[in-house]
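Report on one structure; see the data block that follows.
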Amino acid sequence: MRKGPLAIAGAAAVAEWGTLFGTLRERLAAKKFAAVPLATGATALILLFSIVQHLPGGERFVTHIGVVKAALPLEVSLLRTPLSLYVPALDLPVWGALAQVFLVFGIAEIVLGRRLTLVVAYACTLAGTLFARVGVAIGPEHVFGFPKWVAHVRDTGPSAAVVALAICIAFRCRAWFTAGLVVALMVGEAVVLPNLAGLEHVVAVLMALLIAVSVEVFGDFWPRVLAGVGAAGSVAAAASIEVATEARRRAAAGAAIP
């Protein structure tokens, strides 16, 4: 019997997202919101910064602790980058950032784990921050260069982290169509709107692909190495204790002999 379009679409959706939905349903049914404390905290931070920066004197305070610009000294940018992820853009509706972060960070926290989610989010945000500095330094005569005024553009927000996490989630769940669609959209955005945000999203995609491939290839390699080092350390410690005990026993026996 020939399948209709709806049946074909349903089968494609199950093949693409079945693993993801199954994982999410199992974890959320067991722990509900307790399954995503990182996503909840990140969403709350964005809301907090959004409120504070619209208060009298709040924008200056937020700027001093979490706003990154390519014109800033490198060490200042590096210190502010972790918080810059949670500082929403002033000219965009904050509900969009809240929804993106809670949804994507929540899914990533369940699928990738809390530690890898943080690594991807911060590494890809930092990659975009460094790319902006390089682009300003090489100038607009190069393909990926920017004019000097871009150095003073406020470079904050979670969008690069969200894009990168979406790629890693799709990679982990083998949702290849979704991964390809995200890549195509980000490249298309950079071509149609060749601004700082668009190119930073492409950098985030490349960084996310690098991390995803590295985790697939070396994901269980370093844990095995560390486990081996730990086991070797335990054996060495046990041997040292045994040798010390035997030395004390012999010393005590020697002292007892008149």
Side-chain angles (χ1 to χ4, degrees), residues 38-74 76-108 117-118 120-136 140 144-167 182-183 185-208:
L38 175 62
T40 305
T43 305
L45 269 178
I46 292 175
L47 181 59
L48 177 63
F49 277 125
S50 176
I51 294 171
V52 170
Q53 70 184 359
H54 286 92
L55 295 175
E59 185 178 351
R60 176 180 296 181
F61 171 74
V62 172
T63 297
H64 281 302
I65 66 171
V67 170
V68 173
K69 298 178 182 179
L72 292 172
L74 178 59
V76 175
S77 291
L78 293 177
L79 286 172
R80 292 183 182 180
T81 295
L83 282 180
S84 73
L85 196 157
Y86 307 107
V87 178
L90 288 170
D91 57 342
L92 295 176
V94 69
W95 60 263
L98 294 173
Q100 286 180 15
V101 167
F102 186 73
L103 179 64
V104 178
F105 271 62
I107 295 173
T117 297
L118 283 173
V120 172
Y122 284 126
C124 295
T125 299
L126 180 60
T129 298
L130 297 178
F131 169 76
R133 300 179 71 88
V134 173
V136 170
F144 298 108
F146 299 110
K148 295 297 182 183
W149 61 265
V150 173
H152 303 282
V153 172
R154 177 174 159 137
D155 185 15
T156 63
S159 58
V162 167
V163 168
L165 288 171
I167 291 290
V182 173
V183 172
L185 288 174
M186 294 304 102
V187 172
E189 177 194 18
V191 171
V192 175
L193 299 171
N195 55 18
L196 177 61
L199 290 175
E200 282 189 348
H201 291 166
V202 174
V203 172
V205 165
L206 295 175
M207 189 69 181

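- Heavy-atom minimum distance, Ala70 versus Val136: CB-CG2, 4.1 Å.
- Annotation for Gly128 and Asp155: closest pair O-OD2, 4.4 Å, computed over non-hydrogen atoms.
- Using a 4.5 Å cut-off on side-chain heavy atoms (C-beta onward), Asn195 and Val150 make no contact.
- For the atom pair CZ of Phe61 and CG of Leu55, the computed distance is 11.0 Å after rounding to the nearest 0.5 Å.
- To the nearest 0.5 angstrom, Leu74 atom CG is 9.5 Å from Leu79 atom CG.
- The nearest pair of heavy atoms linking Ser159 to His201 is OG-NE2, 2.9 Å.
- Two residues are said to be in side-chain contact when any heavy atoms from C-beta on lie closer than 4.5 Å; Phe146 and Val153 fail this criterion.
- Put simply, the side chain of Met186 does not reach to within 4.5 Å of the side chain of Ile167, judged on heavy atoms.
- For the atom pair OG1 of Thr40 and CG of Leu45, the computed distance is 11.5 Å after rounding to the nearest 0.5 Å.
- Interatomic distance, Phe144 CZ to Leu199 CG, rounded to the nearest 0.5 Å: 7.0 Å.
- Taking all atoms of both residues into account, the shortest heavy-atom contact from Cys124 to Ala208 is SG-N, 3.8 Å.
- Of all the heavy atoms in Arg80 and Ile65, the pair that sits closest is CG-O, 3.8 Å.
- Partners of Phe49 by ring-ring contact (aromatic ring centres under 6.0 Å, His included), not counting sequence neighbours: none found.
- One distance of note links OG1 of Thr156 with CG of Leu83; it measures 11.5 Å at 0.5 Å rounding.
- The side-chain hydrogen bond (donor to acceptor under 3.5 Å, both in side chains) contacts involving residues 42-67 comprise Gln53-Arg154, where partners must be two or more places apart or lie in separate chains.
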task = Please report the C-alpha distance between Leu126 and Leu78 in whole Å, then the side-chain angles of each, then the deciding distance to 0.1 Å, and finally whether the side-chain contact (heavy atoms from CB on, under 4.5 Å) criterion is met.
result = CA-CA 8 Å; Leu126 180 60; Leu78 293 177; 3.5 Å; yes
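- Between Leu72 and Val67 the shortest heavy-atom distance is CD1-O, 3.7 Å.
- Of the possible polar contacts, one joining the Thr117 side chain to the Ala108 backbone as a donor-acceptor pair under 3.5 Å is found.
- At least one side-chain heavy atom of Thr125 sits under 4.5 Å from a side-chain heavy atom of Ser84.
- With sequence neighbours left out, Arg133 forms a side chain to side chain donor-acceptor pair (under 3.5 Å) with Ser77.
- Residue Leu85 holds its CG atom at 5.0 Å from CZ of Phe105, rounded to the nearest 0.5 Å.
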